[in-house]
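As structure tokens, the structure follows; a few thoughts come after it.
Since this is a predicted model, take the numbers as computed values, not measurements. Below, chain A is the first sequence line, B the second, and so on; all start at residue 1.
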Amino acid sequence: MSMTTAISRRRFLSTAANAGLVTAVSAPFYIRPGRARAAAGLADGMVGGPTGFDGAERYQYGPDTPEARAIEAVNALKGAGKAPDRIVLGLSDGSIGQLTQPFPAGAPSIKELWEAETGITLDIVGVPNGQEFTKVMQDVSTKGGAFDIYAVEWNRLGDLAETGGIVNLDDYVAAHRPEWDNAERGYVGGAQGVSLLNNYRGSTYGVSLDGDFQIWNHRTDLFSDPAEQKAFADKHGYELAPPRTWKQHDEIAAFFHRPDKGLFGSTDLRNQGWGYTNWYQRFVSMASPNQFLFADDGSALINSEAGISATQEYVDSLAHHSPDAISWGWPEQYGNFASGGAAMTCAFSNLPKFLDNAGNEGSKVTGLVGSHLPPGREIDGSLIRRTVLWLNLSASVSSQSKHPEASYLLLQWLGSSRIYSWMTANPGGYFDPFQLSNFADPLVRQTYHDYHMDVVRESVARTVPTINYPGATAFHNALDENLVAALTGSKTAAEAMADTEKQWARVARRIGEDKLVEAIKANKAAWPTITDPIG
Amino acid sequence: MNRSLPFEIFRYAAILSLVALSLVPTLWMASMAFKPIAEWSATGADLTWWPKSPTLDNFRFLFGESSSELIVALDRTAGQPILSSLLSAVFGTLIAMISGTSAAYGLSRFGSGGNLPLALIQLRIFPPMAVMIPVMIMWAFLGLIDTWYGLALVYGIVTMPFAFWLMKTFFDDMPREIEDAALVEGCSRLRVFWKITLPMMRPALASSALFVFILNWSDYLIALLLTTRDWVTIPVYMASLSSSMTGQLYGAKAALGLIAAIPPVILGIAIQKHLVRGLTFGALKQ
Amino acid sequence: MASIAFNNVTKRFGDTIAVNNLSFEIADSEFFCLFGPPLSGKTTILKLILGLEKPDDGEILIDGRPVNHVSPARRNVAMVFQNLALFPHMSAEQNVRFPLAERRMDESHIASRVADVAAKLHIGHILHKSPAQLSGGERQRVAIARALVRDPVAYLMDDPISALDARLREETRVELKRIQNELGRTMVYVTHDQEEAMSVADRIAVLEAGSIRQIGAPSEIYDNPHSSYVARMLGAPAMNLLELDKGRASALEGALPLSGLAVPDGAAQIGIRPEDLLVGPALAAGQGLVRVYEVEPLGGVTVVTLQAGETSLRAMVRGQPKIDPDSQVSLSVAAGQACFFAGDGQAVRI
Amino acid sequence: MTVAALDTRTEAMEHEDARDSRKLGFWLTLPAQLLVLFIAVFPILMQVYISLTDWSPLDGIDWWQAHQLWNTFANYTDLLEDNRFWSALGRTALVMAICVPCEFLLGLGLAILFVDNFPGRRFLYSVLLVPMMVVPAVAGYMFFMLFQSGGPVNDILSFFTGSPVRIAWLSDPDLALFAVIVSDIWQWTPLMFLILLAGLVGVPEDQLRAATLLGASWTTRFITIVLPRMKTIIIIALAIRVIENFKVFDNFYIMTGGGPGVATETISIYIYKVTQQELIWGYVAAVALVILITLSVVSAYAIKRMSRSRELSR
């Protein structure tokens, strides 16, 4: 299958070198990229974009698009001698493939295209998964200047902005108009979506390169098995189908939980830093339209009936999880699901892209994956279904970059609807779709599967942000520590919530309460209001 | 000692079972390194002790040949991290051995050094994690972040106490008359150290250097904090070996783990006969 | 060609005084023996001469020149250490040529000197071996060769042959004496073996606790010890010492007639060498007798141990006379062959 | 034959000679002294300074401006109430109290089994040293897999018990602690074995033989002759492991990340998390200084004790 064609490193290096060479020699022609490249297969009226494969024109751009403006502005900087020879981008190891591997067959890679259009080398430095923030803080606190662009979890945006380690991008946004809120192609939820993903305290500090919305998956072979359906209906009195409520979810998971046969009911619980997406989903759906974590005055709302019962449910759900659940990371979760080890799971939206993939010979669930909306609760006559945005890679420009504007322009080019759709369709990395144009794109839909894409789009509309203001990690660590204590039985649900509240108060004191209240308010604006009908 | 038959049987049984037990993790790693992806990708699901279809794919992958099954693009092969580990551990060992050995000699022969022994013990006991913030800031100021020599310098300093204590006991053990003889026969103090003492200490130097090297080679924490991209070491690089499709690349990790065991094992074999004597801190003098 | 002199030299190690205000002179070309029990300061004296230790007080002169501040390398003194101190990482030949090579002599000169000394000590056939491969005697000779290979002003030897077996020791001793004679060089020789000291030395210095008790030719010290300490140090079996009470050897209660001897005033002890203690048959009645405790025939002489009350005496008798253990014998002292010591151990003369 | 006279050099040169050898000692220890100062002076001064402030890299000001966030001793009083810190410290002590004796007893047992020659001794001896050569981070990954509920450890247990064992080692706080302790014991018993074997081989054989002739039983011989002779080496072996075990990080962190919850969080992992995730560096500095002072006092005392007992035994 051509989708999975990987190129060898050596071949890749030589292509990259050639591209660089050609550009260097002919750089002057690229001040107006469109004209120079028209002969190379661009569609009529297009000034840039990938070529060489069927449907390439969807990712090409005409003049006065965010992508074209970015390229033009970079080349203008270049002409003025204000552009660098290379831009260093620190990126999670697992995502690099999306920038360096050509996709689909016949296409250049993202990196090659950027270098061809601008003549600026894109130097991608891999950062181990999970160490992104550590590496960035090292660079910020030691003034290392190793990167022009940092790509870190979205939750850290507030922390990073407060360090002064990343650049406020407002002026560049105003000057180059990325059109992120475009109603047809832009972020889900328009300006609200942009504020959710890219802004901190009203200013743009990041450019989202990801859509880490936690999406539910199930095994279609199990759910459509007549024998299973009959057995389930006999037992619970309703049809076996992807769950609409948490109660159904827990019953179905318990029904399928057969550890001695290598099948777990659900596998969304994971270890430190990953596991509480499940808790979040249960907690925020406790009120209509949302159960918030903090009140407007900054006091925590978790040590409450809602918090305790969400925690109790969360602890009880361990019964239908892998016994190893709380030592797993997502890699173990994916591996288990790929080997057919779970009936349901909640994961990043790329799970079907990787595991329901004929190119993945290790996967036993190819063709057997289905997606469904998050379970919810019936409150005041409607169904509150909520999921969370967790992790999500965002790129920011380092304050130490000598060429912040050129770096921003790379991000504008990369993060705009046409190039991003093309990039996210590439199965070689973690970047997931999050823009309207992504969800509609046939190539993306082919990679991510039709059945999944619509569920993702609808889940996005039901997504609440996790904590993304200063102290995010400290808040999450305290919550995590207490949740695990509850899971392992060393604390009751009530004790866990009470202790979390105490520790949160201490974190808040250190951060500064004023700063926090403001950030909490800004964050609240990004919470969804959509509700579903019952039944 | 007793040589009764039941005793001998018990002895062999005890030895063999302990040896077998200690081998389990290593064998598991070795078998993992030669397993194709299908045999390790699912966590614990398909437990096989031996690779059903042994392959060198994991090693090939580390050195740049990407496997069609793994759809993962490494931004670099294992070559650079191996080089980084080698350079930083070797030069760290040199720094530790040179400064530690000469200080040990100075203290053993001339009583110089004052509180050095205590300072060195404290240096060794102190968890490096607790000073990493100022060290990071210092290293940044000196431009040593993400360089192999910056890493080698830290390694040299934190393992120097080991080199110092080991070598000091050897110097204390060495008969003074041999050096005296060389002095009488026309050598200067420094020349005695160079021509007589050091060559005589070759076995001691070799075994001390091996232990210091193993300590440096094993480090994960310091390299994690002092390198960012060009000079990450093997243990840090190992964290990069994961793929979006299959999760942790245990096969590749195991293969790299096997490669990482090669230098210490080779050194260990090379100095095997001095090994036992090497770590006793002079306690055998009696 | 050099004399070596100590002028009021003192050396302390912490609270211990290793060498106490020592003054003596070793003549040029002399075979000088330092003799004393362990820890009496013998080795320290050698180290002071070598410059491996610096005196705390006093002055050391070599050939009349003060050398307190001269480094060992420049004193041009050769040394054979007690534990030999061969360089274990070098072959025997490299060991032997080391002193010359360190002095940057030219290769042909070195080669001929090494060949010379190897021939002299009969070690030509083992030069290629490493010290670990050599026997004790071979190592000894390599160490001596390393000292002899160059032309120092003096040779110092610290008990160099103590590790050898008796026969080899005797051979080497003779050889050393011969070589020293031949080279005509000053030799300072440390030993704890009185026989060795007696046989090779031109002069012996008897040491006790960092001080020299007596210096002199072997025969002079043997015949005329200045103190009971020195008297007992030399001679085997050691000199018999008996308490005197009113001119009589009190322990023997008249069994030892001293009437033929002139006992000087103030003498508290009488010293009789075993060969001067004459054993005779029990003859005259009324003569005190002593019981024979043990008889050791040694070939040329026989050592007879006698027991009188708490006191035991040893006599050395020529040949192998027939004396039975537990028999009673009479004793006498050879004419004029007794020494007398005062209460403080100093010799008392008439 | 010519006789070389005493080397004649100027007095000045001779005096220089004596000074040289005194100076040599100074120069030889100098590099080590400088390196220690280099790694100690600035970090300690900086830690003292920022430990009195609320400074964090998140504040966006450089560390020397930390006085703007002066809090006097707030970090130190916080430390007194920081249960996570104290429990991490207690856990580190607990890990040490289990690991070191286990490694010691296993190492001693192995050393006793290996002290006499037997066919295959050399080979088995080399095999036993292999765990020491495995990079701890690698060992961490390996043990993570070994202890999965469907992993090899349970497989072996199933084999011996005859019924399928599916223990979730790393998800249970107590079992996870057990698992990381096992990995530490696996990795470091060989070192103990190596040191103790050297000690055993060093016990003079004639003493043992004499005791055997006198009819002493094996245990008596071991307790009355072997152990006393090995006293120093046992202390050294224990000291090395106590020192290194106190700092344990790599394999623990990779196996469990300190989890589940904080069940395997040692002091190094605790500091790592607070440093790298919560970024409250002023507080970390206070923690570091408290540890430094405690360790200095303890080690100075231990050295004094040890050198005294050594003098006594001489």
Contact class of [X] relative to chain B, heavy atoms under 4.5 angstrom:
{"X": "D/Glu244", "result": "side chain"}
{"X": "D/Ser296", "result": "both"}
{"X": "D/Val287", "result": "neither"}
{"X": "D/Leu129", "result": "side chain"}
{"X": "D/Leu30", "result": "neither"}
{"X": "D/Ile291", "result": "both"}
{"X": "D/Phe249", "result": "side chain"}

[options]: which one forms the most heavy-atom pairs within less than 4.5 Å of chain B?
{"options": "D/Leu292, D/Val284, D/Asn154", "value": "D/Leu292"}
{"options": "D/Phe114, D/Phe143, D/Trp281, D/Phe246", "value": "D/Trp281"}
{"options": "D/Ile254, D/Leu196, D/Val242, D/Ile50", "value": "D/Ile254"}
{"options": "D/Ala32, D/Ala137, D/Pro31", "value": "D/Ala32"}
{"options": "D/Val134, D/Leu124, D/Leu289", "value": "D/Leu124"}

Q: Examine D/Phe38 together with B/Trp139 and report whether their ring centres are nearer than 6.0 Å.
A: yes

Shortest non-hydrogen contact from [X] toward [Y]:
{"X": "D/Val135", "Y": "B/Ala260", "answer": "CG2-CB, 3.9 Å"}
{"X": "D/Val138", "Y": "B/Met238", "answer": "CG2-CE, 3.4 Å"}
{"X": "B/Pro134", "Y": "D/Phe42", "answer": "O-CE2, 3.7 Å"}
{"X": "D/Asp250", "Y": "B/Leu221", "answer": "OD1-N, 3.8 Å"}
{"X": "B/Ser22", "Y": "D/Trp186", "answer": "O-NE1, 2.8 Å"}
{"X": "B/Ala130", "Y": "D/Gln47", "answer": "O-NE2, 2.8 Å"}

Choice from [options] maximising heavy atom contacts with chain D below 4.5 Å:
{"options": "B/Ser102, B/Ser188, B/Gly106, B/Ala239", "answer": "B/Ser102"}
{"options": "B/Val19, B/Leu23, B/Ile133", "answer": "B/Ile133"}
{"options": "B/Leu256, B/Leu107, B/Leu225, B/Ile234", "answer": "B/Leu225"}
{"options": "B/Val135, B/Ile137, B/Ile95, B/Ile269", "answer": "B/Ile137"}
{"options": "B/Val131, B/Leu21, B/Ile214, B/Leu116", "answer": "B/Leu116"}

Of the backbone (N, CA, C, O) and the side chain (C-beta and beyond), which part of [X] lies under 4.5 Å from a heavy atom of chain D, both, or neither?
{"X": "B/Ala104", "answer": "neither"}
{"X": "B/Leu16", "answer": "side chain"}
{"X": "B/Leu215", "answer": "side chain"}
{"X": "B/Phe193", "answer": "side chain"}
{"X": "B/Met160", "answer": "side chain"}
{"X": "B/Leu123", "answer": "side chain"}
{"X": "B/Leu27", "answer": "neither"}

Using side-chain heavy atoms (C-beta onward) and a distance below 4.5 Å, is [X] in contact with [Y]?
{"X": "D/Met145", "Y": "B/Met32", "value": "yes"}
{"X": "B/Arg11", "Y": "D/Phe118", "value": "yes"}
{"X": "B/Arg189", "Y": "D/Lys23", "value": "no"}
{"X": "B/Val24", "Y": "D/Pro152", "value": "no"}

Q | Evaluation steps, ring-ring contact (aromatic ring centres under 6.0 Å, His included), between B/Phe110 and D/Phe26 | A | CA-CA 8 Å; B/Phe110 308 105; D/Phe26 169 79; over 10 Å; no

Q. Counting N and O atoms only, with roles assigned by atom type, does the side chain of D/Thr29 sit under 3.5 Å from a partner on the main chain of B/Ala103, one being a donor and the other an acceptor?
A. no

Q) Backbone N or O of B/Arg124 within a donor-acceptor pair of the D/Lys247 side chain at under 3.5 Å? A) yes

Q: Give the C-alpha distance, both sets of side-chain angles, the deciding distance and a yes or no for side chain to side chain contact (heavy atoms under 4.5 Å, CB included) between B/Val158 and D/Ile39.
A: CA-CA 9 Å; B/Val158 300; D/Ile39 207 70; 5.8 Å; no

Q: Please round to the nearest 0.5 Å and tell me the distance separating atom OG of D/Ser299 and atom CD1 of B/Ile121.
A: 6.5 Å

Q) How many angstroms lie between CH2 in B/Trp28 and CG in D/Asp155, if you round to the nearest 0.5 Å? A) 8.0 Å

Q. Can you say whether the rings of B/Tyr220 and D/Tyr253 are parallel (under 30°), tilted (30 to 60°) or perpendicular (over 60°)?
A. tilted

